[in-house]
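Within every chain, numbering begins at 1; the chains are lettered A, B, ... in the order of the sequence lines, protein sequences first and strands thereafter. These numbers were taken from a predicted model, which means no experiment stands behind them.
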Amino acid sequence: MIKSMVPLFIDGMQETYSKHMSQRQEKNEGESNGLEILRHSTSHIMAQAVKELYPDSKITIGPAIKDGFYYDFDRDKPFTTEDLEKIEKRMEEIIRVDIPFERIETSKNKAREIFKNEMYKIELINEIQDEKVSVYKQGDFVDLCRGPHLSSTGKVKAFKLLSVAGSYWRGDEKNKMLQRIYGTSFFTREDLEKYLNKLDEAKRRDHRKLGKDLDLFSVDEDIGSGLVNWHPKGALVRYIIENFWREEHYKNGYQIVYSPHIAKVSLWHTSGHMSFYKDNMYSPMDIEGVPYIVKPMNCPFHIKMYKSRLKSYRELPIRWAELGTVYRYERSGVLHGLLRVRGFTQDDAHIFCRLDQLNDEIERVLHFTIYMLRSFGFNEFDIYLSTMPEGYVGTISNWEKATGALKGALEKFGLKYDIDPGAGVFYGPKIDVKIKDSLERTWQCSTIQVDFNLPERFNITYIGEDNSPHQPIMIHRALLGSLERFFGCLIEHYAGAFPLWLAPVQVKIMTITDRQNDYARKIVKYLSDSGIRGETDLRNEKVGFKIREAQMEKIPYMLIVGDREVESETISVRKRGGEDMGKVNIEKFIENIKEECTVNKGGVLNS
RNA sequence: GCCGACGUGGCUCAGUGGUAGAGCAGUUGAUUCGUAAUCAACAGGUCAGGGGUUCAAAUCCCCUCGUCGGCUCCA
């Protein structure tokens, strides 16, 4: 139904279309189709402007993307911000003149003639299977394109060019680097404004900014890129997360283990990491003539632990979890705040089980994963099931069983997921769960991977009922992924205003004058004895000033004490949201706080 | 890694060839105040690091380091 409205819009009935759009809450195919056509057309207009202003540029591809569009050009000189302004101006003219988009179907040979000076287009034409191809023409500008497009350039009402970036032709770093111009366009000016505001809002939620403002963590160039210092407040949040994590793991039948940070290179040869994971590992260090490597993964240690004595089938499944700190080489250009780093602590675990236990175990893990994510307020995530790739190890029958187990678990819990065919790791199929940052870029956190490879390589066994050795199956899993990345996502998710149970400082007690200092100290002691994290602000400042600071520190509760409160043995409570709850009895306040902490775990932020 | 932009006190930023600036934060003093900023004084910078051009460099050039945006979503 929505699809049928697109041509209406193209014919000029913008009203009908955009009204319809604004009523819808969730994105669906309809909306993206309409916007996609608009944005794709805008990218053609941009390409036209670029060709007119900089005729030496070669055009390549210019699709619509999630929040806008881009077009890649091959040009020797880089585009500057001034160039972008010029291009925008030219685009506005093209839009004002309202040139029709014409679709022309033609033969590949004719197309080669049209694009004889555009080598990238020729390359694309040569790869098209059909004998006929379509080109779109607006004015003198022609582009090889499947379409569809708007009826004319004048239909573009609101657009903006956003940035220039490098990108390899066809995304392959062996190819030439092109220049990509990103932009976006909307049906109305208001929608564009809204989008630009959203970008500003995202900047305010950026965990790198909040991490600095709230004094949570830092990355220092003298220490090294991608290596994180956790400051006291960030560390306190981490401590709360870790404690929750440990408790839940013990409740869920895991045992917690610890392993070293380095191991002999020979161990990594046995595990195979020296071949298939080499690019991500740091160089060996020499210890008395023997090379050691800092660990990129925890699995070989857990396997060696498993092998330290004979195991019986009665002991399985064995579930060993570790907050294991690993180091991986990441190319400097991909590092990003806490979200992609070089040293991080995984909330890792390895489950050793029999084939007949696989279904149950995977179900348990998946259930646990979702429980953990929800506990931290994440209710929206993208789930991917990756299936058998080329060059797999293990038997097809095991792959089928494992893939079936993963799929069965997803379906049992009614979780929506996408299948990523052939994207499994060579050693087994997996489920990945991704959550979004403030700019809606997705980051992989949870992962559940079945592994047929390591048990084989290390030759691990258990003694079965039949009194003979069998090979267990191994499941690698991380629920939060890494504490660094998870913390980054968490900061952005809550915009730094952590729910009460996670807030490093839960309560700030502020005095009106120094006559109340003793009373304030008494209260903070009382809170601390009740397990509540409080701080006093006894500075000789006006209460408005103290409130402003506490507000900027995003502290959930402010307790104001003046002569009136001392007199009545109460406190005046102000919530982070600005709500004044008036004078409250202290015992009652503590009771409420404890209640809120319990409810908040897995719940929604209250203020 | 590659392409581009950027790097000035703790933070946010001004300064484009001629003696390094502001606001906030900090320190000190005054003020004892009721729900988002009280006033004043003081202190703080080899302008990321190194090299070069110049009588003179934060400013121009080169190198290094770091940060940011991108490098998957096929005409």
Side-chain angles (χ1 to χ4, degrees), chain A residues 36 40 43-44 47 59-66 70-72 75 77-81 83-84 111 115 118 120-128 130 133-136 142-147 162-182 203 206 208-209 212-213 215 218-226 279 329-337 423 439 441-442 510-517 538-552 558-565 572-576 578-583:
Chain A
E36 241 175 83
H40 189 181
S43 90
H44 275 226
I59 53 173
T60 69
I61 60 167
I65 51 172
K66 194 172 148 294
Y70 67 77
Y71 208 112
D72 285 347
R75 177 176 180 240
K77 269 173 67 182
F79 290 111
T80 62
T81 33
D83 291 335
L84 285 197
F115 295 108
E118 298 286 353
Y120 295 95
K121 292 292 172 188
I122 299 284
E123 188 178 328
L124 294 168
I125 291 166
N126 290 343
E127 283 171 24
I128 292 173
D130 265 342
V133 300
S134 60
V135 301
Y136 275 80
V142 190
D143 200 349
L144 178 74
C145 182
R146 189 186 287 141
L162 297 170
S163 60
V164 200
S167 70
Y168 299 102
W169 167 237
R170 313 205 119 179
D172 188 335
E173 66 186 41
K174 288 195 258 335
N175 290 340
K176 183 162 184 192
M177 175 138 310
L178 309 172
Q179 292 189 68
R180 173 171 299 181
I181 302 177
Y182 280 94
K203 255 186 225 157
D206 190 318
R208 292 165 302 191
K209 175 164 176 47
K212 200 176 274 176
D213 292 349
D215 200 9
S218 61
V219 179
D220 186 286
E221 65 173 288
D222 290 331
I223 295 173
S225 298
D279 290 347
Y329 168 69
E330 295 284 356
R331 300 205 283 182
S332 56
V334 304
L335 298 173
H336 183 95
L439 282 173
R441 293 175 292 206
T442 59
M510 42 195 76
T511 49
I512 304 283
T513 74
D514 52 20
R515 286 191 300 279
Q516 297 90 37
N517 285 4
L538 307 181
R539 290 174 307 169
N540 178 11
E541 295 290 351
K542 290 184 169 180
V543 73
F545 181 82
K546 297 184 182 184
I547 287 172
R548 179 184 147 80
E549 277 201 356
Q551 198 74 48
M552 291 194 305
M558 292 161 227
L559 307 185
I560 290 110
V561 294
D563 288 337
R564 301 203 289 264
E565 285 76 15
S572 280
V573 180
R574 184 190 211 270
K575 292 183 79 168
R576 178 164 54 191
E579 186 190 345
D580 186 350
M581 299 172 75
K583 281 200 274 191

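Applying the 4.0 Å criterion to OP1 and OP2 of B:rG69, one finds that A:Arg208 has a side-chain N or O inside that range. OP1 or OP2 of B:rC71 has at least one side-chain nitrogen or oxygen of A:Tyr182 nearer than 4.0 Å. Of the side-chain N and O atoms in A:Ser225, none sit less than 4.0 angstrom from OP1 or OP2 of B:rC65. At B:rC71, none of the side-chain N or O atoms of A:Arg331 fall inside 4.0 Å of OP1 or OP2 (strictly under the cut-off). Between A:Ser332 and the phosphate of B:rG1, there is a side-chain N or O to OP1/OP2 separation shorter than 4.0 Å. Phosphate proximity of B:rC73 to A:Tyr70: present, with a side-chain N or O under 4.0 Å from OP1 or OP2.
Applying the side-chain hydrogen bond (donor to acceptor under 3.5 Å, both in side chains) test to A:Arg548 and every residue at least two apart in sequence or in another chain returns nothing. With sequence neighbours excluded, the residues forming a side-chain contact (heavy atoms from CB on, under 4.5 Å) with A:Asp220 are A:Asp222, A:Ile223, listed by chain and number. Residues forming a side-chain contact (heavy atoms from CB on, under 4.5 Å) with A:Asp206 (at least two apart in sequence, or on another chain): A:Arg208, A:Lys209, A:Glu492. For A:Glu123, the side-chain hydrogen bond (donor to acceptor under 3.5 Å, both in side chains) test picks out A:Trp169, with sequence neighbours left out.
A:Gly337 comes within 4.0 angstrom of sugar-phosphate atoms only, judged by non-hydrogen atoms across all strands, and of no base. Contacts of A:Arg146 with the nucleic acid, taken as non-hydrogen atoms under 4.0 Å apart, include base atoms.
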Base-contact (B) and sugar-phosphate-only (S) positions in nucleotides 34-45 of chain B, heavy-atom cut-off under 4.0 Å, - elsewhere:
BBBBB-------

Which parts of nucleotides 4-13 of chain B does protein reach within less than 4.0 Å, heavy atoms only, written one letter per nucleotide 5' to 3' as B for base, S for sugar-phosphate only and - for none?
S---------

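No side-chain heavy atom of A:Arg170 sits less than 4.5 Å from a side-chain heavy atom of A:Thr60.
Remark on RNA chain B: of its neighbouring residues A:Arg170 and A:His336, the 5'-side contact belongs to A:His336, judged by nearest-heavy-atom nucleotide.
Across all strands shown, the partner of B:rG1 is B:rC71, judged by Watson-Crick or G-U wobble contacts whose two distances both fall under 3.5 Å.
Annotation: the span from A:Ser134 atom OG to A:Asp143 atom CG amounts to 10.0 Å, rounded to 0.5 Å.
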